[in-house]
Structures are given as C-alpha cells and as structure tokens.
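Here the structure is laid out as structure tokens; the discussion comes afterwards.
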Amino acid sequence: MSNEIQSVLTESRVFQPFSNLVEGAAISGMPAYQALCERAEHDPDGFWKDLANDNLVWNTPFTQVLDETNPPFYRWFADGELNVSANCLDKHLGTPTADKTAIIFEADDGSVTRVTYKELHAKVCQLANGLTSLGYSAGDRAIIYLPMSIEAVVAMQACARLGIIHSVVFGGFSSKSLHERTVDVGASLVITADAQMRGGKTLALKPAVDEALSLGGCEAVRNVIVYNRANSKVDWVEGRDRWLHDVCLNQPGTCEPVAVNAEHPLFILYTSGSTGKPKGVQHSSAGYLLWALMTIKWTFDAKPTDVFWCTADVGWVTGHTYITYGPLAAGLTQVIFEGVPTYPDAGRFWKMIQDHKVTIFYTAPTAIRSLTKAAETTPQIHPRQYNLDTLRIIGSVGEPINPEAWMWYYTNVGRERCPVIDTWWQTETGGHMITPLPGATPLKPGSCSLPLPGITAAIVDEVGEDVPHGKGGFLVVKRPWPAMIRTIWGDPERFKTSYFPAELKGYYLAGDGAQRDDDAYFWIMGRIDDVLNVSGHRLGTMEVESALVAHPLVAEAAVVGRPDATTGEAIVAFVVLNQSLPDDEQGRKIATDLRNWVAHEIGPIAKPKEIRFGENLPKTRSGKIMRRLLRVVAQGQEVTQDVSTLENPAILDQLSQSF
Ligand code: PRX
C-alpha cells in the first residue's frame, strides 16, 4: 500500500457545512439529502419523471421513464422529444436571462470578450443555418478540433441544434489520434481553427487536420470549417475548406431547433480503456442534459447571481458537461479561459477569479498541486495576494485529491470559508456521481463523500457481493441513471463486456477501486485496470505501448504508471530496442526521439516521463510480462517478490536506469 493511500485512510478531519451555504441551498441539510435519496430508492420512476418534467423543455412529452427491456442498453424518456440547444438558449429568450452575460471569455493575452445569452443564441443559429446550407442534418457526425473559445461552444451548440452528433477532439491530440477518431465516428464535417494560443505561443491546429484527412479512410469529410483565431497562414483545399466567418456570413440569427428523440446521440467522446483503441462513449440527449443541469443545481448549488468557472478544456467530458451544456442550461454567467494557468505567471487563475468575481471555481488536483508549488516558491503569486472574497464554492475533479492538496486549496483559495467539492465521475457517467453537497455534506479531505440522490453507487467483490465498510473492492453503480453511457459507438459488444461483466450481476463497473468508511463515505483508490491518470488525463497503457512499438527502433515495450507528486501518476516506459543496449549519451538521444514519437502518435500528454532500456522485459516462463514487478521497479523500490521464475532476473538492474 502506498504512503498516499495510507494517509488517506487515516484521515480523520471533518468540516461541517457553512451555515450561510446551508441556508437556501438547493439541497439544504442532510435530512433533505436523505429524503431525496429515499424518494429515489422507493419511487425511482416518480423521482426521475418529476426531475425530467420540471427541468427540461419537451417538444413531445415522454410517457415512459425507463425502458429496461434490453439491458444494459437502457433507454430513458424514450418516446419524448426535445432539443438540447433550445434547452440551453431559447429557454432564456424572453426572460431577464436573455440580456445576461452567458460567457466571459478571457484570451491567452488577457483580452476579454463577453456575449449575452441573446447574442450566443444568434451566433449558434447563424452557424446552424450555415451548416444546413452545406447540407448537414440530424444524425451526421462532426469532429470538433478547436481551442478553448466561444466558437467551440457555438460549434457544439450548433450541432446540437440540428441533431448533428459531435465528437470533440482535444486540441492537444495529434493528427494520428484525430485521424483515428474521424474514421471511427464516420465524420462528414470537421470544425477547426487555424491555430490556438497558449502560454504566449501560437500553436498550429489546421495542419493536423490536413494531415489526418490525408491518411485515408476520411473520404466522407466534405467540409472543413476553419475559425480564424490567429491569422496564421494555412494550406487550403479548395472546395473542402471554408472560413467559419464565411459560413456564418449573412445567415439569419434565428434557426428552428430540430426536435430529436430523447435517446438521439448528442455526442461521442473518445476515452481510453485498458485494452484496444480509445472507445467512443456515446451519450444521449435528454438523460445527459437532465443530469448536466441537475448536478449544476445540486453539486454547485448554482444561483442566478453566480459566476461559474470550470477550467477544463471542452475536449474532455468535464468541458462538455460543465461548460457547454450544464451552465448554459442553468442560465449562469461563466468564464471560459483560452490559456494556461502559468502564463504570464502562476497567479493567473487567482487573478482571473479576482477580475471576474468568480463565485464557483472548479479545477483539477494536478493544477492545485502545481500551483501550490509555484505559490510556495514565488510569494508574489500566492493566492493570498489576490482578492478571492467572491468565491463561495471550490470544486475538484479528474483524479483523487490527496488530503495535503485538499487542505492547501481549502485554506489558501477557499480561505476556510468555501467547501471543497470533490466530485467523482467519469466520461461514461455524463455528470457527477459521488460528491459532497455544499449545503449539506460534512467534508473529509480526500473523500468524495456520498452518492447523489438516485445514484446507487456501491463497493462489491469479484462476484458482485457488497463488501463491508472498511474493505476495498470494485466501485459499481447498481441501477441505471439517465446520463449513463448508452453504448460504445460502433461496438455494442465491447460496451457490454467493458462495463457490465457477467459476474457482477448487471451492475455498471466503473473501473475504480474504492472503499467506504464507517460513515459510508467513499474513498477512491484509483484504477483497477491498465488505465493511467496523468494530470487528470486518462490514458491506456496499451495505447502508449502500441505507439512505442510502432517506432522502428523499438522491439518491445511495457508501460506502467508510478505515483507523481504533481501529475498524480507519471508514465514509465520499459523499452527493448532492436539493437544492443545504448550507452548514456545514445540512451538520452533515443529517449528524446521516443518521447517526440509518442507525442506525434498520440499527443504530448502521453509522453513518458521516464524511459528505461533493457535487453528484454521481465517475463514469466510462459511469456507474460510481469507488470506488477515493473511497477515496483518504476517506483524505485526494492524488489522483494520471488523472481526465480523470471527468464532473466539480471535485467532488473538494467531497468533501474532511467532516461
Ligand atoms: O479514476 C477515476 C478518476 O478519473 C477517472 C475518469 O476519468 P475521465 O473519464 O477522464 O473523467 C474525468 C473527469 C470526470 C475515474 O475512473 N477520477 C475522476 N474524478 C475523481 C477521480 N478519482 C478520484 N476522485 C475524483 N474526484
């Protein structure tokens, strides 16, 4: 057991909810929370039906709440019809929210642009009209490869308005990754930008699209729409490429939203699994949107006066649910940030909270840890130098937050008067699942606390039996919920086997290990499969291994994670070359080449932190790579287990040198 896990399990501090947040909260006090949980348990149909009727605007009302005739392919509100974009924008027209600022966009260089709900609606309609004029309609698939921008939200909302299924690819992914996703999703449209601006640099985006589309298999892509972000010079394919401003030019600012079935796929978002290529997680329209809105209301206790800021990128699920859909459906003012937290200095987040009077701030532990380090070494950019008085709630997402980081965040950013809302969820769950509520839940640093009402999270053993509190096991969700993944795009069989293994009684298997304490609080222990979490980004070890072995110099590779004080986990790659072991200088050069290669194959986020060369890898006599052993070696720990079954025990020494 690592020291970190031990320190989590012995954590005993408890912080009671602040009375000013209990008063008037959407869920006020534990009895209110328990009452909702009980209603959901005893009358799930009524519980979900009321939420869906009270919170969504329907074109055609639904008559059936949950269709479970074909598990695990659950359908929610399946005979209802609505439009997601109308629920995020049109709903506010004719109300005071129409003239309210929807988005405060702060660019990398600090310049600020604001749009009201009315203006955002018009922009979305113009693009939707432009897309219609290009012949796109409901069911088509669009790849969105854009920087953080108002335009990214507009592009996603315009797709939703027409029932076009979007698949956003994070701007940090390579052309190879983009190609893989474009082919898998069968896209006929790509929306991108010439470049993105981050940390004072202009980073090209369009060339990656050109390269991806040249790789073959993407012939269905008829149009590439390009947002001119940076006035960069770009190659242009006549007849295929169009500027975004030209597509929108002269288009009317209204556009009838297309009513789609509740189960119509809103988006497909690729995420890593333990085996094979990234999987296209398919989400629905109504169930997903309902949960995006409910969790904004419950988890963040959002009020019309709030200024919400989620620092995630729209390329990840957090950016989908807590930038593009949830905050707009709730009519909030939100901040969208183009840049990086360390430019022009590591006080950028705190300055932006101060400047925009942010009240709800939602970020990742990896950001907190790296900003802690920066603040402790550079006092001028310590959060205490800024006025953060407007903050009411501070959230965390993406990876376990260790108690030390929790306490720093709570003390220095929240000033001991804002709850740290540690939200556990996944791409597949659509929205928050286990999280404290600001007006109800006592907090324990490092625990994501209790499931939201309606979420039947539990911890079970290998045959699906509940384990007693205090014992570790698999985190599962026993009953379906509206925002759950519907399938893996194009691979329903993989959906079933990945998430609903036969031995677990039909429960949804999250892929995380966890345990509950005596108060039934959940403590997440990390992945139980070969999925890594590097800076809150999910990566499969196999993806990185496949990228490495595709390099001409590499004969074999094994990748494991090891704990890292800033990024949570770091990638360590063990590599066997097609040549003799390199000397130090050669080793350093090859390691640099391999890192760049992985960046080109997947994206810079997948670059191994350490590369270690060996003449072979530790294998059992039957030829299985001993990953457990590699994890020990990667952590620099002494190998205490029996290595007599290894083919070549001497290589453990070779593998201890890192490049
Ligand atoms: O291991 C859990 C970890 O991130 C995984 C989901 O990653 P992804 O689908 O990329 O979604 C990230 C944003 C929701 C989970 O299986 N994880 C996420 N949030 C937490 C967490 N681990 C512990 N505590 C959290 N709050």
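Quick note: numbers below take in every heavy atom, side chains included, and nothing from hydrogens, waters or symmetry partners. In listed order, ligands and their atoms are each counted from 1. Each residue takes its place number in the sequence, starting with 1.
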I'd like to know whether Phe349 forms a ring-ring contact (aromatic ring centres under 6.0 Å, His included) with Trp309, so could you lay out the CA-CA distance, the side-chain angles of the two residues, the decisive distance to 0.1 Å, and finally the verdict.
CA-CA 10 Å; Phe349 275 4; Trp309 182 19; 5.1 Å; yes
Intermediate values then yes/no, side chain to side chain donor-acceptor pair (under 3.5 Å), Asp517 and Trp523:
CA-CA 8 Å; Asp517 65 18; Trp523 299 80; 3.0 Å; yes
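Listed by chain and residue number, Met407, Glu416 satisfy the side chain to side chain contact (heavy atoms under 4.5 Å, CB included) test with Thr411 (two or more places apart in sequence, or in another chain).
Ring pair Trp489/Tyr270: centre-to-centre distance not below 6.0 Å.
Of the N and O atoms on the side chains of Thr566 and Lys373, at least one donor lies less than 3.5 Å from an acceptor on the other residue.
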Kindly print each ligand 1 N/O atom paired with any protein N/O atom under 3.5 angstrom away, one pair per line, or none if nothing qualifies.
| unit_1 | atom_1 | unit_2 | atom_2 | d |
| --- | --- | --- | --- | --- |
| ligand 1 | 1 (O) | Asp512 | OD1 | 2.8 |
| ligand 1 | 1 (O) | Asp512 | OD2 | 3.0 |
| ligand 1 | 4 (O) | Gly398 | O | 3.3 |
| ligand 1 | 4 (O) | Asn533 | ND2 | 3.4 |
| ligand 1 | 9 (O) | Thr427 | N | 2.8 |
| ligand 1 | 9 (O) | Thr427 | OG1 | 2.6 |
| ligand 1 | 9 (O) | Arg538 | NH1 | 2.7 |
| ligand 1 | 16 (O) | Gln426 | NE2 | 2.9 |
| ligand 1 | 16 (O) | Asp512 | OD1 | 3.1 |
| ligand 1 | 16 (O) | Asp512 | OD2 | 3.0 |
| ligand 1 | 16 (O) | Arg527 | NH1 | 2.9 |
| ligand 1 | 17 (N) | Gly398 | O | 3.4 |
| ligand 1 | 19 (N) | Gly398 | N | 3.2 |
| ligand 1 | 22 (N) | Pro400 | N | 3.4 |
| ligand 1 | 24 (N) | Glu399 | O | 3.4 |
| ligand 1 | 26 (N) | Asp422 | OD1 | 2.7 |
| ligand 1 | 26 (N) | Thr423 | O | 2.7 |

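Remark: of the listed residues Arg538, Arg631, Arg628, Arg631 is the sole one forming a salt bridge (charged side-chain N to carboxylate O under 4.0 Å, His left out) with Asp530.
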